[in-house]
2 protein chains.
Amino acid sequence: MDARNNKPSELEIFREFLKRQGMRYTPERETIIKEIFSTHEHFDVDSLYISIRQKGLRVSKASIYRLIPLLIKANLIEEVFFENGQMHYEHIYGHEHHCHLRCQECKRIEEFSDKRVAQIEEDLQRRFNYKILRHKLEVIGLCSECQKKSNSS
Amino acid sequence: MDARNNKPSELEIFREFLKRQGMRYTPERETIIKEIFSTHEHFDVDSLYISIRQKGLRVSKASIYRLIPLLIKANLIEEVFFENGQMHYEHIYGHEHHCHLRCQECKRIEEFSDKRVAQIEEDLQRRFNYKILRHKLEVIGLCSECQKKSNSS
DNA sequence: AGGCTTATTGACATTGAATAACAATTTCTT
DNA sequence: AAGAAATTGTTATTCAATGTCAATAAGCCT
């Protein structure tokens, strides 16, 4: 448990998850998870693999690819967007949910949250009789710098 | 021009677009566009290719892959989601913008629109000084049938 | 603690969507 | 009608993601 707020760590959550599924806790899985949760950055398989290698650690890409669906099932990470032929992920456990405002030109990303989305979810729940699990709101636009560039050209 | 509402057709829009870009209008492009806009369904490259062939027409997949970015640039279609290793698209011109509520289990899709998203966009525009171009709101949940199934198991 | 079952690993091969290369063809301007 | 240049289909290529499989190791049971 985390001493400050009594909230179990990602690793603890995941070990619990593995036990429930009759799966095993391995050093490789630990390495990958620790790397993922060491920052609050988005990641893709390739960048994750590289940063693990740069720390002098060693896991195969196959193990990363095999772990990702488990982390998603355990509600620790989620897909955020698909770009340049690769899926990108971010971790969600322990972080406020947020949406993404992305610049179409320079690819920069701003994070935001808005409680109106939760209201929309409630309405959908009633209207369609769904059990809402999550949402993904992606707003695409031009940042102020890229607006200037396109105006001057 | 469409006789009823005076609105140019997708083909006209696209020919205009091609001319602006110094590009050429070809029978292959016409075939693909007509097929895309003959229904209001979502599509992916493979299903599109098949339905064109089923009509006895013939274009290469390469031409489809080459056309899609142009249609996106011309604001006629957009990516909706990536699933099963394939990008899925829908056409947007001449249709009210809508968002998607998707069942995680059975993959069924409900379409909805909510004006609160436009309000969120306005706020983002001001707050981040972005020029907002579009958004993609995907809500994922369990439809009523799939809820029943998961309860009984 | 040691043994046994079976999940997991890494290496390698494979799949398949998407892109690139290129010669043959076709559009479109003049 | 001719010529420059874009587009086509074919073929080859890329590369993310998945499958295969023998070797290894986790974790339960006694």
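Quick note: numbers below take in every heavy atom, side chains included, and nothing from hydrogens, waters or symmetry partners. Note on naming: letters A, B, ... go to the chains in the order of the sequence lines (proteins, then strands), and numbering restarts at 1 for each one.
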Donor-acceptor pair under 3.5 Å, A:Arg66 side chain vs C:dG10 base: yes
Do A:His42 and A:His91 have a side chain donor and acceptor closer than 3.5 Å? no
Between D:dG9, C:dT19, D:dA17, which nucleotide has the shortest distance from any of its atoms to the side chain of B:Tyr65? C:dT19
Among C:dA11, C:dT8, D:dT10, the nucleotide that comes nearest once only the side chain of A:Arg29 is considered: C:dT8
Parallel under 30°, tilted from 30 to 60°, perpendicular over 60°: which one fits the rings of B:His97 and B:His135? perpendicular
One should read off an interatomic distance between A:Leu70 CG and A:Gln21 CD, to the nearest 0.5 angstrom, of 8.0 Å
Let me know the distance between CD1 of A:Ile64 and P of D:dA16, rounded to the nearest Å. 12 Å
For B:Lys34, I'd like to know if atom NZ has over 12 heavy atoms of other residues, nucleotides or ligands within 6.0 Å. no
Judged by each residue's nearest nucleotide on DNA chain D, which is more toward the 5′ side, B:Gly22 or B:Ala62? B:Gly22
Atom CZ of A:Phe17 and atom P of C:dA7: how far apart are they, to the nearest Å? 15 Å
Could you state the NE2-P distance from B:His88 to C:dA17, rounded to the nearest angstrom? 10 Å
Measuring from the side chain of A:Arg24 (C-beta onward, heavy atoms only), which nucleotide among D:dG27, C:dT27, D:dT18 has the closest atom? D:dG27
Name the closest nucleotide to the B:Gln86 side chain, picking from C:dG10, C:dA17, D:dT8. C:dA17
Base, sugar-phosphate, or nothing: which does A:Pro27 touch, judged by heavy atoms less than 4.0 Å apart? sugar-phosphate
Would you mind reading off the distance between A:Leu57 atom CG and C:dG10 atom P, rounded to a whole angstrom? 12 Å
By nearest-nucleotide position on DNA chain C, the 5'-leaning member of B:Met23 and B:Lys61 is B:Lys61
Without decimals, in angstroms, what is the distance between A:Glu83 CD and C:dT19 P? 13 Å
Kindly compute the distance separating CZ (A:Arg15) from CZ (A:Phe17), expressed to the nearest 0.5 Å. 14.5 Å
Residue whose closest nucleotide on DNA chain C lies nearer the 5' end, B:Thr26 versus B:Pro69: B:Pro69
Tell me: CZ of A:Arg58 to P of C:dT8, nearest whole Å? 22 Å
Please give, in whole Å, the distance from D:dC15 P to A:Tyr49 OH? 16 Å
Tell me: CD1 of B:Ile50 to P of C:dA17, nearest whole Å? 10 Å
